[in-house]
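Below: the structure, in structure tokens.
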Amino acid sequence: MCANLLSSTPFSTIIAPSDFTRSLPLTHSARLQLSSFTRYPSGFKLATYRPLNLRFSSTMALQNQCENSSCSQLQDSLFYSRAFWVTKSIIAWNVGGGEDECYLYASRKAALCVDDDGIQGHDVKIKLERTNYGLPQQVIEKFPHIRDYAAFEVPKTLDFQSLVKCQLAVGIFNSDGKCASATGLQLPGILDELFSYTGPLGAIFATEAVSLYLWAPTAQAVQALIYKSPSEVDPVEIVQLKELDGVWSAKGPRHWEGCYYVYEVSVYHPSTLRIEKCVSNDPYARGLSADGKRTLLVNLDSDDVKPEGWDNLQHEKPKLLSFSDFSIYELHVRDFSANDPTVPHEFQGGYLAFTLQDSAGVQHLKKLSSAGVTHVHLLPTFQFAGVEDEKDKWKHIDIEILNSFPPDSEEQQALITSIQDEDGYNWGYNPVLWGVPKGSYASNANGPCRIVEFRKMVQALNRIGLRVVLDVVYNHLNASGHIDDFSVLDKIVPGYFLRRNVDGGIEHSTCVNNTASEHFMVERLILDDLKCWAVDYKVDGFRFDLMGHIMKRTMLKAKSLLNSLSTENNGVDGSSIYIYGEGWDFGEVANNRRGINASQFNLFGSGIGSFNDRIRDALLGGSPFGHPLHQGFVTGLYLEPNSHDLGDEANVKRMLTVSTDHIQVGMAANLKDFVLTNCDGQQVKGSDVLLHDGKPVGYASSPIETVNYVSAHDNETLFDIISLKTPKDISVEERCRMNHLATSVIALSQGIPFFHAGDEMLRSKSIDRDSYNSGDWFNRLDFSYNSNNWGVGLPPKEKNERNWPVIKPRLADPSYKPQKSHILAAVENFLNLMQIRYSSPLFRLRTANSIQERVRFHNTGPSWIPGLIVMSIEDGHQEVPGLSQLDPIYSYIVVIVNPCPTDVSFVNPALREKSLQLHPVQMNSIDDVVKNSTYDASSGCFNVPARTTSVFVEPR
């Protein structure tokens with residue numbers, strides 16, 4: 001009998017960042033079970049996964065085929081795809097040298113079976129010739145992870161277009177004619193060479209007709225099932241598509257518009273070793289049914305789906321001169337209004353809440369916009385899994401019951417998690433279809449409603465002075481395989497869109513079902529999707545989730561494509577669209593193992609932004625995945641130690657000095673070549689300042705390549721992490737000042753500042769470190785400023801139980817909870833910071849050269865005052881020949897950040913005899929503490945109160 005593939009398959013280890021442990025429903029063909037879980041010091045989670053029961057029906061069929069033969073364990077090899085058809089003339093395979101003969105086998109009916117005599121059930125058998133010169137350079141560049149594989153030549157006279165539609169395998173035979181090894185093939189190489197396509201895809205609308213185009217070169221047949229409604233059982237029409245060079249197409253009448261359709265694709269699927277009939281949405285879908293199972297035929301250019309004034313929106317967008325002028329506010333659509341009583345119930349948690357000019361949430365956004373915030377970054381708004389689009393299917397917990405429990409109770413999280421996969425909440429990092437707005441945020445998930453309401457949201461935000469950034473998740477997909485309703489791309493061209501390891505298994509380092517942007521048509525789909533959102537939804541920027549898992553080439557093409565869009569030709573100004581993302585370098589793509597990826601270091605000189613985790617970790621302490629009490633610059637490191645042992649006093653002081661260097665590099669836009677004096681008194685570049693693992697702190701070539709942040713949707717909120725790391729005996733007022741201090745460093749740094757929604761309101765998630773599926777309860781935002789959501793129960797057990805002993809006494813202590821007065825003060829202080837940032841272009845320098853010329857740090861070297869950062873920014877004036885004037889109001893600025901629990905005096909002769917005064921915004925603020933900041937010109941002495949950032953300016 002044929003042995004089952006997975007009976008002895010070892011566990012596979014994958015590394016995934018913290019926010020990628022989301023509970024995604026996996027497909028029948030790729031279901032995984034978490035078997036162990038540990039912390040990984042560089043900021044990622046090390047998880048071990050085991051395959052679950054993958055004994056497919058196809059395995060039984062295969063056993064039946066072989067039950068009368070002497071099948072050996074070689075039969076298992078067909079479940080693997082260890083050979084690569086890299087070009088039409090070359091197959092790469094990691095087999096030893098020698099005179100062994102190698103053959104390629106094909107079966108159109110997927111009837112291949114292996115026994116000791118070889119591969120049986122084939123329609124075609126082709127001899128391959130081993131070459132002596134290895135793989136060509138262009139193949140190694142495309143597939144660097146198989147650079148050392150042997151190369152086998154394929155005859156040039158084959159019918160390649162027919163062969164790729166078959167089940168394929170290669171076998172190698174020793175001198176006595178016995179099969180030594182056999183395996184399936186991975187086809188992306190040959191598919192890219194033969195079938196790369198730049199023509200129309202999806203539904204194309206003309207005056208009299210609707211045409212459908214589907215790229216599916218491995219499919220044996222494709223038909224479209226047309227339905228009159230989203231729920232009608234029987235199709236009104238079944239249309240056979242015709243193939244030309246791998247693209248299947250059909251033309252139908254214009255009255256198809258408004259109907260729904262699915263594709264039925266007959267295709268060989270490597271997860272089952274069978275020809276499957278896969279029912280799928282269109283990968284280029286622009287609309288969906290409410291259950292997500294059918295594609296809506298909708299023309300995005302129709303006036304019926306455009307709000308009034310839509311075509312002229314480009315002329316209403318807020319004006320911006322440079323990417324350096326950007327500041328970003330990260331917000332979840334549902335968080336914004338789900339708990340806002342000033343929003344009508346039918347709009348709560350949806351797109352239309354942003355259109356209500358008088359709601360508490362919109363009033364708050366208007367304040368942010370008036371103070372200078374330029375962009376709202378929305379967490380995923382494409383079609384994702386994890387939340388039903390039909391709201392009547394959601395489950396709810398009575399708020400009064402939740403409110404009845406103590407602040408440190410386990411009961412709240414138990415109730416919330418009991419329905420967490422059946423409520424209306426999820427962050428949305430579970431992509432199903434990239435090009436369709438999420439239906440759960442619309443008032444009606446059927447029809448074009450989601451399209452119209454999404455556009456109204458963008459329009460409304462633009463009209464209050466805020467541009468819109470979309471969070472795009474092109475690095476992975478929610479599902480794969482031939483069965484799962486949420487699987488799309490892996491049903492159309494199985495084995496192509498998802499990145500596979502050398503055994504043929506799908507890579508899961510991002511979370512699950514990694515995509516392969518190194519493949520031509522994957523990259524094309526990403527670029528087409530970006531263009532759709534930019535042109536058809538007039539989106540102003542894109543944040544790339546796990547950008548490091550996307551190839552740098554793809555990101556550069558995305559930047560070029562977006563930049564080419566013009567108001568005249570496309571209705572949008574693409575030169576104002578900014579792209580940035582997470583440039584983490586891990587998993588199978590680390591160190592360019594799959595090609596040059598879009599990691600922090602590789603993006604140097606690209607003009608693409610990446611998140612600066614260095615400044616975050618230095619400010620807060622440790623990393624998000626280290627000990628929760630590990631302190632940092634603003635949380636009391638050395639200056640106010642907590643109970644966590646970090647070593648002797650000298651070691652802790654050294655940690656503070658090193659952290660300060662990291663912060664100063666970050667405040668200079670994390671430039672690779674910025675020169676500063678380090679804590680040892682040496683003149684060094686940003687890239688010479690090193691992390692604990694020896695990697696450089698500075699990596700950017702320009703300020704727009706650095707997105708500085710201290711808090712985001714991942715991990716604990718800023719207020720929560722401060723409440724964890726600070727000593728128990730300090731007051732809530734002091735923690736509020738620390739919150740403001742951390743935010744001030746981000747707001748006043750060079751580069752692009754990024755803020756998590758609610759940090760300006762002391763937002764709490766009751767110390768939940770990963771609230772992706774924690775419901776509205778733990779993710780609440782209160783724009784009435786009555787509560788910051790502290791102490792609403794112990795955070796969900798799954799991700800937080802390990803820290804419950806540390807969390808519980810803090811939640812139980814009423815002194816930790818801020819009052820409304822604290823929240824109002826925090827909001828006012830944040831607005832002041834943004835007003836200061838936008839009061840002078842010196843805070844928003846546009847080039848690395850300008851930063852090097854104008855920015856200096858003064859409290860440096862071994863004789864420094866511990867914990868104090870003193871930064872000056874100089875503008876052109878008479879005493880500085882050759883330095884141009886940028887600011888018509890101020891000629892010199894000094895920013896002093898004092899994290900100490902006491903007032904600090906700082907004297908520097910270089911800062912004597914200046915006409916410095918406290919910034920007018922701080923002079924007029926409601927913060928009486930900062931008003932005590934002083935400067936004495938005769939001595940060059942500054943006095944700055946405890947836990948305060950003071951800004952001094954020299955008016956012209």
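Position 1 is the first residue of the sequence, and the numbers go up from there. Nothing here was measured: the structure is a model prediction, and the numbers come from that model.
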Fill in the blank from the handout: Separation between CE (M555) and CD1 (I608), nearest 0.5 Å, reads 4.5 Å
Problem - Close side-chain approach of H662 and V689, heavy atoms under 4.5 Å - result: yes
Problem - Test: D768 and K799 ion pair at under 4.0 Å - result: no
Exercise for the section: Could you tell me which non-hydrogen atom of V745 sits nearest to which non-hydrogen atom of I615, and how far apart they are? Expected result: CG1-CD1, 4.1 Å
Practice task
May I have the step-by-step check of side-chain contact (heavy atoms from CB on, under 4.5 Å) for R769 and I721, ending in yes or no?
Solution key: CA-CA 9 Å; R769 64 172 287 104; I721 202 70; over 6 Å; no
Practice task
May I ask you to decide if G495's main-chain N or O and D490's side chain share a donor-acceptor pair within less than 3.5 Å?
Solution key: yes
Practice task
Give a yes or no on this: more than 12 heavy atoms of other residues, nucleotides or ligands lie within 6.0 Å of atom CG of L690.
Solution key: yes
Exercise for the section: May I ask you to decide if P696's main-chain N or O and S687's side chain share a donor-acceptor pair within less than 3.5 Å? Expected result: no
Completion exercise
For S337 and G349, the nearest pair of non-hydrogen atoms, with its separation, is OG-N, 2.7 Å
Problem - Ring centres under 6.0 angstrom apart (H377, F542) - result: no
Exercise for the section: Find out whether L466 and H375 are in side-chain contact, i.e. whether some heavy atom of one side chain is under 4.5 Å from a heavy atom of the other. Expected result: no
Problem - Nearest heavy-atom neighbours spanning L313 and N462 - result: CD2-OD1, 3.5 Å
Problem - Polar side-chain atom of S560 near backbone of K557 as donor-acceptor pair, under 3.5 Å - result: no
Handout entry: Results of salt bridge (charged side-chain N to carboxylate O under 4.0 Å, His left out) for R837 - residues two or more places apart only
Key = none
Practice task
Looking only at non-hydrogen atoms, find the nearest pair between D585 and N591 and report the distance.
Solution key: OD2-N, 3.2 Å
Practice task
Using atom types as modelled and distance alone, determine if a side-chain donor or acceptor of S576 lies under 3.5 Å from a backbone N or O of D573.
Solution key: yes
Handout entry: Distance flag, aromatic centroids of F544 and Y580, threshold under 6.0 Å
Key = no
Practice task
Any chance you could lay out the side-chain contact (heavy atoms from CB on, under 4.5 Å) test for D770 and E716, step after step, and finish with the verdict?
Solution key: CA-CA 7 Å; D770 188 2; E716 296 89 348; over 6 Å; no
Practice task
Give a yes or no on whether a salt bridge exists between E507 and R500, defined as a side-chain N under 4.0 angstrom from a carboxylate O.
Solution key: no
Handout entry: Presence of salt bridge, E518 and R553, under 4.0 angstrom
Key = no
Practice task
Check whether any side-chain heavy atom of V707 sits under 4.5 Å from a side-chain heavy atom of S610, and report yes or no.
Solution key: no
Problem - Any residue meeting ring-ring contact (aromatic ring centres under 6.0 Å, His included) with Y537, in chain and number order, not counting sequence neighbours - result: F454, W533
Problem - Carboxylate-amine/guanidinium proximity below 4.0 Å for R763 and D759 - result: no
Completion exercise
When rounded to the nearest 0.5 Å, the distance separating OH of Y284 from CG of L201 is 4.5 Å
Practice task
Output yes when K142 and D192 qualify as a salt bridge under the 4.0 Å nitrogen-oxygen rule, no when they do not.
Solution key: yes
Problem - Ring centroid separation Y496 to W215 under 6.0 Å - result: yes
Handout entry: Flag, side chain of Y838 to backbone of D325, donor-acceptor distance under 3.5 Å
Key = yes
Problem - Heavy-atom side-chain contact between L498 and L489 under 4.5 Å - result: no
Problem - Cation-pi check, K438 onto F384 ring (under 6.0 Å, within 45° of axis) - result: yes
Practice task
May I ask you to test the L433-L288 pair for a side-chain heavy-atom distance under 4.5 Å?
Solution key: yes
Problem - Side-chain donor-acceptor pair present, R844, Q750, cut-off under 3.5 Å - result: no
Practice task
Go through W434 and L525 one step at a time and tell me if the side-chain contact (heavy atoms from CB on, under 4.5 Å) criterion holds.
Solution key: CA-CA 9 Å; W434 292 326; L525 178 55; 3.7 Å; yes
Handout entry: Exam field: side chain T381 to backbone P437, donor-acceptor pair closer than 3.5 Å
Key = no
Completion exercise
Between N597 and N592, the two heavy atoms sitting closest are OD1-OD1, 3.0 Å
Problem - No-hydrogen, no-angle side-chain donor-acceptor test under 3.5 Å, S623 and D617 - result: no
Exercise for the section: Check whether any side-chain N or O of T706 sits under 3.5 Å from a backbone N or O of N708 as a donor-acceptor pair, and report yes or no. Expected result: no
Problem - Partner residues of K317 under the salt bridge (charged side-chain N to carboxylate O under 4.0 Å, His left out) criterion, sequence neighbours left out - result: D540
Handout entry: Cationic N near anionic O, under 4.0 Å, E588 to R593
Key = no
Problem - Smallest separation among heavy atoms of S480 and N513, with atom names - result: OG-OD1, 3.0 Å
Handout entry: Reported CD1-to-CG distance for the pair I746 and N612, which is rounded to 0.5 angstrom
Key = 7.5 Å
Handout entry: Check: V333 and F354 side chains under 4.5 Å, non-hydrogen atoms
Key = yes
Exercise for the section: Test side-chain hydrogen bond (donor to acceptor under 3.5 Å, both in side chains) on N563 and S575 and set out the steps. Expected result: CA-CA 4 Å; N563 191 60; S575 67; 5.0 Å; no
Problem - Heavy-atom donor-acceptor pair, K456 side chain to Y351 backbone, under 3.5 Å - result: no
Exercise for the section: Apply the ring pair (Phe, Tyr, Trp, His ring centres under 6.0 Å) test between F755 and each candidate in F830, F326, Y709; give the one that qualifies. Expected result: F830
Exercise for the section: Look only at the side chain of S509 and the backbone of G587, and say whether a donor-acceptor pair between them is shorter than 3.5 Å. Expected result: no
Exercise for the section: Report yes if some heavy atom in the side chain of I596 is under 4.5 Å from a heavy atom in the side chain of M551; otherwise report no. Expected result: no
Problem - Donor on one side chain, acceptor on other, S517 and E523, under 3.5 Å - result: no
Practice task
Inspect the surroundings of NZ in K531 and state if more than 12 heavy atoms from other residues, nucleotides or ligands are less than 6.0 Å away.
Solution key: no
Practice task
Report yes or no: does H476 contribute a side-chain atom to a donor-acceptor pair with the main-chain N or O of Y429 at less than 3.5 Å?
Solution key: yes
Fill in the blank from the handout: Distance col, row E582:CD vs D545:CG, nearest 0.5 angstrom, shows 5.0 Å
Handout entry: Close side-chain approach of Y425 to H332, heavy-atom, < 4.5 Å
Key = yes
Completion exercise
The reported gap from CD1 in I451 to CG in D536 (rounded to nearest 0.5 angstrom) is 9.5 Å
Problem - Polar contact flag, side-chain donor to acceptor under 3.5 angstrom, Y329-E760 - result: yes
Exercise for the section: Specify whether F143 and H519 have parallel, tilted or perpendicular ring planes, treating 30° as the upper limit for parallel and 60° as the lower limit for perpendicular. Expected result: tilted
Exercise for the section: List the steps, then state whether side-chain hydrogen bond (donor to acceptor under 3.5 Å, both in side chains) holds for R614 with Q600. Expected result: CA-CA 11 Å; R614 283 89 160 125; Q600 289 169 326; 2.9 Å; yes
Handout entry: Distance in Å, I577 CD1 paired with K538 NZ, rounded so as to fall on 0.5 Å steps
Key = 10.5 Å
Practice task
Hey, can you tell me if F586 and H549 have their rings parallel, tilted or perpendicular (30° and 60° cut-offs)?
Solution key: tilted
